[in-house]
Amino acid sequence: MPEGHVVHRQAKEITKLFGQQVLHVDSPQGRFSESAALVTGATLTKATAQGKHLFIGFDNDLHIHVHLGLYGKWAFHSQTPDPVGLIRLRLISDSMTAELRGPNACAIVTNSEKKTLMAKIGPDPIAGNSPKKSREKVLGSSTAIGTLLMDQRLFAGVGNIYRAEVLFRHQVNPFLPGRELDPSYFDAMWEDLRVLMKRGVRTGRIDTVRPEHEPRSMKRAAREDPHGGEVYVYRRDGRECYVCGSEIQIAQLQGRNLFWCPKCQR
DNA sequence: GCCATATGGAAAG
DNA sequence: TTTCCCTATGGCA
């Protein structure tokens, strides 16, 4: 259940563990068997990420396109365990096995199909893409900034946690229409996402709380809600804001939980 | 065992 | 805006 930082991390991991190796690819669950046959025996060249999309490239010009969605997970083993549960896809080298469960998307694509998919994904702060077009669209939009931040054509890789946290860190109300956002705030939030998400690639966690705001109880709080990291507002509804003490609010926005501090983000 | 929930997104209505 | 898909897990009976 990742945001973009996790997918970038996994791309690096897969390249490191399986790059330049001839792989056995299969599908214990069966749903990817025919596709697996197209790349099994081929050499994995490189895995790359754009936003939350992962592309695993092979030397026969085919790629496995993976999107984890809400439930998807990779697991890595130094042996090949007997399959447990529903494993859509396995990558097996001489020394390593990767297992993929529950992906939203898992399909073989050609070079041109990959290109088409890539064109639909917006600029990714981690990839260092220019936010110029996103900036124009956001600053001209009547849609709430909290909704725009989840739009993968505008902010590829940003998910529900980074959305909530970057809005808090810049004291922006999630319901503010994009066109009412001061342009300097767009720039600051993009830069902040770039820094936070790149840190997330290194650490595998989402940590957004500035040192001066860390309460003594934070380590305990992070343990109680182990989504991986220390955050200001994500899933902290009903609890006290670390900055002002107000009760963190929760609401549904486009079917997703949105968290914010009513006082800090007015 | 059953139910709710989850860092997502496409398709249907 | 709602429904549906994909899977595992934790809380509760």
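Salt bridge A:Arg194/A:Glu191: present, at least one basic N to carboxylate O contact under 4.0 Å. Comment: A:Arg135 engages A:Asp187 in a salt bridge, judged by a side-chain N to carboxylate O separation of less than 4.0 angstrom.
Look at the P atom in both B:dA4 and C:dC4: the space between them is 16 Å, to the nearest Å. Going from the P atom of C:dC6 to that of B:dG1 covers 23 Å, rounded to whole Å. Here, C:dC5 and B:dG13 have their P atoms 12 Å apart, quoted to the whole Å. For the P atoms, the distance linking C:dA8 with B:dA10 amounts to 23 Å, nearest Å.
Residue A:Glu165 is out of contact with every strand shown, counting any heavy-atom pair closer than 4.0 Å. Residue contacts shown for A:Arg88 are limited to sugar-phosphate atoms, with no base heavy atom under 4.0 Å away. Here A:Arg153 lies out of heavy-atom contact (under 4.0 Å) with every strand.
For the pair A:Phe259 CZ and B:dT7 C1', the computed distance is 11 Å after rounding to whole Å. Distance CG (A:Asp207) to P (B:dT7): 18 Å, rounded to an integer number of Å. A straight line from CG of A:Leu253 to P of B:dG9 spans 15 Å, rounded to a whole angstrom. Rounded to whole Å, atom C1' of B:dG8 lies 15 Å from atom CG of A:Leu100. The separation between A:Gln10 atom CD and B:dG8 atom P is 14 Å, rounded to whole Å. Atoms CE (A:Met150) and P (B:dG9) sit 7 Å apart, rounded to a whole Å. For the pair A:Lys120 NZ and B:dA10 P, the computed distance is 8 Å after rounding to whole Å. Rounded to whole angstrom, the span from the OH atom of A:Tyr232 across to the P atom of B:dT7 amounts to 21 Å.
Counting heavy atoms of neighbouring residues, nucleotides and ligands inside a 6.0 Å radius, atom CZ of A:Arg153 does not exceed 12 of them. Around atom CZ of A:Phe55, more than 12 heavy atoms belonging to other residues, nucleotides or ligands sit under 6.0 Å away.
Below 30°, between 30° and 60°, or above 60°: for A:Phe155 and A:Trp190 the angle between ring planes is between 30° and 60°, a tilted geometry. Using a 30° and 60° split on the angle between ring planes, A:Phe76 and A:Phe18 fall in the tilted class, from 30° to 60°.
Note that A:Arg236 lies in the cation-pi zone of A:Tyr242, set by a 6.0 Å cut-off to the ring centre and a 45° limit from the axis.
The side-chain heavy atoms of A:Phe175 and A:Leu253, taken from C-beta on, include a pair separated by under 4.5 Å.
A:Asn104 contributes no side-chain N or O that forms a donor-acceptor pair with the base of B:dG9 under 3.5 Å.
The shortest distance between the side-chain N/O atoms of A:His67 and the OP1/OP2 oxygens of B:dG8 is not below 4.0 Å. Taking only side-chain nitrogens and oxygens, A:Arg235 never comes nearer than 4.0 Å to OP1 or OP2 of B:dT5. Phosphate contact (OP1/OP2 of B:dT7, side-chain N/O of A:Tyr234, threshold under 4.0 Å): present. The side chain of A:Gln152 contributes no N or O atom lying less than 4.0 Å from OP1 or OP2 of B:dG8.
Nucleotides of DNA chain C lying under 4.0 Å from heavy atoms of chain A occupy a range whose first and last members, 5' to 3', are C:dT1 to C:dA8.
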